[in-house]
Every structure is written in structure tokens, then in C-alpha cells.
2 protein chains.
Amino acid sequence: MNKLSEIVAKIKQAGFKQTKVRSALLKSLLQTRTPLSVPELELNLSNQGLKANKSTLYREITFLKEQGIIKEIQLGEDKKRFEIEGETHHHHLVCIKCEDILDYELERELDEEEQKITKNTHFKVLNHSLEFFGLCKTCQQV
Amino acid sequence: MNKLSEIVAKIKQAGFKQTKVRSALLKSLLQTRTPLSVPELELNLSNQGLKANKSTLYREITFLKEQGIIKEIQLGEDKKRFEIEGETHHHHLVCIKCEDILDYELERELDEEEQKITKNTHFKVLNHSLEFFGLCKTCQQV
DNA sequence: GAGCATAATGCAACTTAGTTGCATTTGTCA
DNA sequence: TGACAAATGCAACTAAGTTGCATTATGCTC
């Protein structure tokens with residue numbers, strides 16, 4: 001009844017297979033507190049003794065995105081990060097010193113602003129990315 | 001009295017030189033309507049007959065960032081874009097179809113939200129990135 | 001205008017993220 | 001258990017971005 005088995009069930013229902021790499025990636029992404037990049041995921045699996053080829057990893061990530069299971073985020077780095085697509089919409093607080101990443105739910109989401117944009121410019125907003133950069137509690141003290 | 005000469009003056013005042021590449025980059029960035037990537041800038045200069053080495057371009061971009069003359073933005077692509085650092089803070093509306101990029105100033109900026117973040121989590125926000133993705137006026141009609 | 005210090009440049013070799021075609025292997029279901 | 005499609009590995013590739021080092025250009029002073 002855990003999340004992993006639910007996701008795997010969904011994947012099978014859609015006609016796709018359960019594989020070692022797929023399960024291991026999902027496990028990593030379910031356990032982590034911060035979004036992970038492909039190189040990080042590769043290292044994770046490798047530490048568990050599962051050496052997966054990087055083409056496989058990138059193809060798998062593409063697949064999981066297509067299935068709506070994971071979400072891609074960009075934090076101003078040279079690589080992308082991925083996290084499990086949750087029920088609730090959240091943003092990230094990125095510490096520019098220790099590089100830790102925290103989740104944050106806005107008290108007021110941006111729907112109102114998006115409606116204003118459409119009204120003002122006729123641009124139809126489908127989604128947005130909003131990330132905050134600064135210093136986490138710990139790094140402020142030094 | 002134009003912007004370019006003001007910027008060049010500022011650079012000279014700081015003890016740096018006026019060079020062909022530097023001027024051409026600034027000209028490109030001042031004239032464009034959308035933020036530009038390094039490969040795009042390279043092409044721009046090349047079209048004007050100025051073949052600059054890419055190390056030079058990347059170093060120059062780094063320099064202009066350090067001087068606070070340009071600003072780096074990430075639009076979920078595999079490369080970064082740059083724009084002249086203006087007086088007013090704005091965001092971008094990115095069309096997912098034609099890839100056009102429009103500037104947009106929020107009616108209400110996010111300062112209030114940032115204060116709430118600090119109150120709620122003790123994370124000190126220094127800046128943020130907010131971009132909207134969707135369909136521009138033209139691309140909605142097709 | 002010549003000389004000088006240092007900023008700027010070019011070059012080549014490199015790193016890292018990400019992609020692609022193709023042959024082989026593995027998972028699932030009948 | 002066999003068949004078929006999905007998944008994988010491999011190797012070769014692209015594209016953005018970086019680095020050390022030798023050379024060149026700029027701007028200042030005399």
C-alpha cells in the first residue's frame with residue numbers, strides 16, 4: 001500500500017514493465033528530501049550496486065515525465081532536477097551557500113496574477129516556475 | 001548620452017578596457033527584445049563580421065555579470081540567457097510553441113511573500129526567479 | 001608618440017549534461 | 001514456454017561551458 005507499489009501498478013496498467021532501474025529510480029526519488037539530478041541518481045544507484053547506463057537513465061527520466069510521475073525543475077544550474085509529482089503545488093527555497101533545497105508552499109498561489117496576465121497581454125499562462133534564492137537558517141548564522 | 005556609452009564609461013571608471021567584443025556584446029544586448037544565450041550572441045557578432053572565440057565570450061559574460069551590467073536567466077532550457085540589468089524588475093512570459101519571450105511586470109511583486117517565508121521558515125530570501133510558460137496571443141489562434 | 005602594465009584574446013584540450021541508432025536482453029502475458 | 005514489445009547497453013555523438021597558457025591590444029604616463 002506504499003507509494004512505490006501504487007506508482008508501479010499505474011505503470012503496469014499503462015502497459016509498461018517493472019524493471020530494476022525503474023524501481024530503483026523511483027525509490028531514490030521517493031526517499032530523497034531534495035530534487036535529484038540524473039548524475040546524482042546515477043551515483044545513488046551505483047552505491048546500491050546497480051550500475052545503469054546513462055542513456056537508460058535519461059530515457060527512464062523522460063518516460064517518468066511523460067507518465068506524469070515526476071516533474072522537472074531548473075534551479076539556475078547547468079543540469080535539471082527531478083522530483084515526484086505530488087498532489088500539492090510547491091516551490092523551492094535554494095540556499096546559495098550550502099546549496100540545500102527546501103520545499104515551500106505559498107500562502108497565496110499565483111492564479112490571480114496569471115489571470116491578470118491574460119487580461120493584460122492575451123498570453124495564456126499554462127504553468128510557471130518560481131524559486132527563491134537566499135540563505136537557510138544555518139548559513140545565516142556564520 | 002546613450003546607454004552604451006554610459007555603460008562603457010562605468011566600465012572604464014572601474015579600471016577595465018573598452019574592446020571590440022565587449023562593445024559588440026553590449027550593443028547586441030541593448031538592441032534585442034528578448035534575452036540572448038551565448039551561442040546566439042556568438043552568431044550575432046559573427047553576422048557583423050566579428051568572430052570571437054567562445055572562451056572570450058563566456059569570460060566576457062562572466063565579467064559583465066560581475067559588474068552588475070547584465071543578468072542571467074534560466075528558462076528551463078539547456079543553456080542560460082542574458083539581458084541588460086534594468087531599473088525595473090520584470091519576469092518573462094515564455095511561449096512554449098514559438099519560443100518567443102515577452103517581458104512582464106507584476107502588478108504586485110513578491111516582497112510580501114518573501115517576508116512570510118522568512119517569518120515561517122527563517123530562510124532569508126535574497127532574490128527569486130519567476131517565469132510563466134504558456135501560449136502567446138498568436139500561437140493560441142492556430 | 002614610445003614604453004609599460006595589465007586587461008583581453010585565441011587556441012587547444014578538456015569536462016559535463018544530454019542524445020541517438022542499433023543490436024541485445026528482459027519482463028509480461030497468453 | 002514462446003513470442004513480442006519494452007527496456008538496456010554500448011559507442012559515438014552534440015552542445016554548453018571551463019581552464020591554462022602564450023600572445024595581443026588598450027589605456028595610462030612620460
Side-chain angles (χ1 to χ4, degrees), chain A residues 4-5 7-27 35-46 48-67 69-82 99, chain B residues 4-5 7-28 35-46 48-67 69-70 72-82 99:
Chain A
L4 179 59
S5 59
I7 293 175
V8 170
K10 184 181 165 190
I11 288 173
K12 285 200 175 177
Q13 205 120 37
F16 300 98
K17 298 173 183 169
Q18 177 174 194
T19 64
K20 269 178 278 179
V21 174
R22 185 160 291 165
S23 301
L25 282 180
L26 287 171
K27 241 179 253 175
L36 299 174
S37 64
V38 172
E40 280 168 349
L41 286 162
E42 189 174 11
L43 195 63
N44 268 212
L45 301 213
S46 171
Q48 297 167 226
L50 210 176
K51 302 246 179 259
N53 190 276
K54 71 176 173 158
S55 329
T56 303
L57 295 177
Y58 280 107
R59 280 193 280 240
E60 193 55 37
I61 286 294
T62 304
F63 169 81
L64 295 172
K65 259 194 295 178
E66 282 166 3
Q67 300 299 311
I69 294 164
I70 61 170
K71 201 182 154 184
E72 177 180 302
I73 57 179
Q74 259 282 10
L75 300 175
E77 298 165 301
D78 49 352
K79 61 193 165 201
K80 286 167 180 168
R81 291 181 175 272
F82 303 90
E99 299 188 315
Chain B
L4 179 60
S5 59
I7 294 175
V8 170
K10 184 181 164 189
I11 288 172
K12 284 199 176 178
Q13 205 119 38
F16 301 97
K17 297 171 184 172
Q18 177 174 193
T19 65
K20 271 178 277 180
V21 175
R22 184 161 292 165
S23 301
L25 282 180
L26 287 170
K27 244 180 250 173
S28 273
L36 299 173
S37 63
V38 172
E40 280 168 349
L41 286 163
E42 188 175 12
L43 195 62
N44 269 212
L45 300 213
S46 170
Q48 296 168 229
L50 209 176
K51 303 246 180 259
N53 189 276
K54 70 174 173 158
S55 330
T56 304
L57 295 176
Y58 282 105
R59 281 193 279 239
E60 193 55 36
I61 287 294
T62 304
F63 169 81
L64 294 172
K65 258 194 296 177
E66 282 166 1
Q67 300 299 309
I69 293 164
I70 62 171
E72 177 182 302
I73 59 180
Q74 258 282 9
L75 301 176
E77 300 165 301
D78 49 352
K79 62 194 163 202
K80 286 167 180 168
R81 291 181 175 274
F82 304 89
E99 299 189 316

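Letters go in sequence order (proteins before strands), and every chain restarts at 1.
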Trainee: May I ask you to decide if A:Ala52's main-chain N or O and A:Thr56's side chain share a donor-acceptor pair within less than 3.5 Å?
Mentor: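 It does not hold such a pair.
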
Trainee: Rounded to the nearest Å, what distance is computed from the CD1 atom of residue B:Ile11 to the P atom of nucleotide D:dG27?
Mentor: 11 Å

Trainee: With nearest nucleotide decided by heavy atoms, which residue, B:Gly15 or B:Lys54, maps closer to the 5′ end of DNA chain C?
Mentor: B:Gly15

Trainee: Which whole-number value in Å describes the distance from A:Leu57 CG to D:dG9 C1'?
Mentor: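 Taking atom C1' of D:dG9 as the reference, CG of A:Leu57 is at 11 Å.
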
Trainee: Could you pick out which residue, B:Val38 or A:Phe16, lies toward the 5' side of DNA chain D when each is mapped onto its nearest nucleotide?
Mentor: A:Phe16

Trainee: Closer than 4.0 angstrom, basic N to acidic O: yes or no for B:Lys79 and B:Glu40?
Mentor: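 Between B:Glu40 and B:Lys79 there is no salt bridge, as every charged N stays at least 4.0 Å from the carboxylate O atoms.
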
Trainee: Is B:Thr19 near enough to D:dT26 that one of its side-chain N or O atoms lies under 4.0 angstrom from OP1 or OP2?
Mentor: no

Trainee: Can you tell me how far P of D:dT8 sits from NZ of A:Lys20, to the nearest Å?
Mentor: 9 Å

Trainee: What is the distance from CG of B:Leu50 to P of C:dG10, rounded to the nearest Å?
Mentor: 8 Å

Trainee: Which whole-number value in Å describes the distance from B:Glu42 CD to D:dG17 P?
Mentor: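 For the pair B:Glu42 CD and D:dG17 P, the rounded distance is 11 Å.
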
Trainee: Side-chain N or O of B:Ser55 versus OP1/OP2 of C:dT9: is the shortest distance under 4.0 Å?
Mentor: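 No, B:Ser55 has no side-chain N/O under 4.0 Å of OP1/OP2 on C:dT9.
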
Trainee: Side chain of B:Lys17: nearest nucleotide among C:dG18, D:dT26, D:dA5?
Mentor: D:dT26

Trainee: Less than 4.0 angstrom from a charged side-chain N to a carboxylate O is my criterion; do B:Glu72 and B:Arg81 meet it?
Mentor: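 Not counted as a salt bridge, because no side-chain N and carboxylate O are separated by less than 4.0 Å.
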
Trainee: Given the structure, check if the side chain of A:Arg59 and the base of C:dG18 hold any donor-acceptor pair shorter than 3.5 Å.
Mentor: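 By the distance-only test, no, there is no pair.
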
Trainee: Ignoring backbone atoms, establish whether A:Lys12 has a side-chain N or O less than 4.0 Å from OP1 or OP2 of C:dT28.
Mentor: yes

Trainee: Of the nucleotides C:dG10, D:dT8, C:dA8, which one has an atom closest to the side chain of A:Thr56?
Mentor: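 Given the options C:dG10, D:dT8, C:dA8, the side chain of A:Thr56 is closest to D:dT8.
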
Trainee: Side chain of A:Asn53: nearest nucleotide among C:dG10, D:dC10, C:dT9?
Mentor: D:dC10

Trainee: Remember a base hit wins even if backbone is also touched, and classify B:Lys51 as base, sugar-phosphate or nothing at under 4.0 Å, heavy atoms.
Mentor: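 Here B:Lys51 touches the backbone only, sparing every base.
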
Trainee: Give a yes/no answer on whether the side chain of A:Tyr58 brings an N or O atom under 4.0 Å of OP1 or OP2 in C:dG18.
Mentor: yes

Trainee: Within this structure, what is the CZ-to-P distance between A:Arg22 and D:dT8, rounded to whole angstrom?
Mentor: 6 Å

Trainee: Under a 4.0 Å threshold between the charged nitrogen and the carboxylate oxygen, would A:Lys54 count as salt-bridged to A:Glu42?
Mentor: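 No, A:Glu42 and A:Lys54 are not salt-bridged.
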
Trainee: Please confirm whether the backbone N or O of B:Val21 pairs with a side-chain atom of B:Glu60, one donor and one acceptor, at under 3.5 Å?
Mentor: no

Trainee: From the set D:dA16, C:dT9, C:dG18, return the single nucleotide nearest to any side-chain atom of A:Lys79.
Mentor: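 The answer is C:dG18.
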
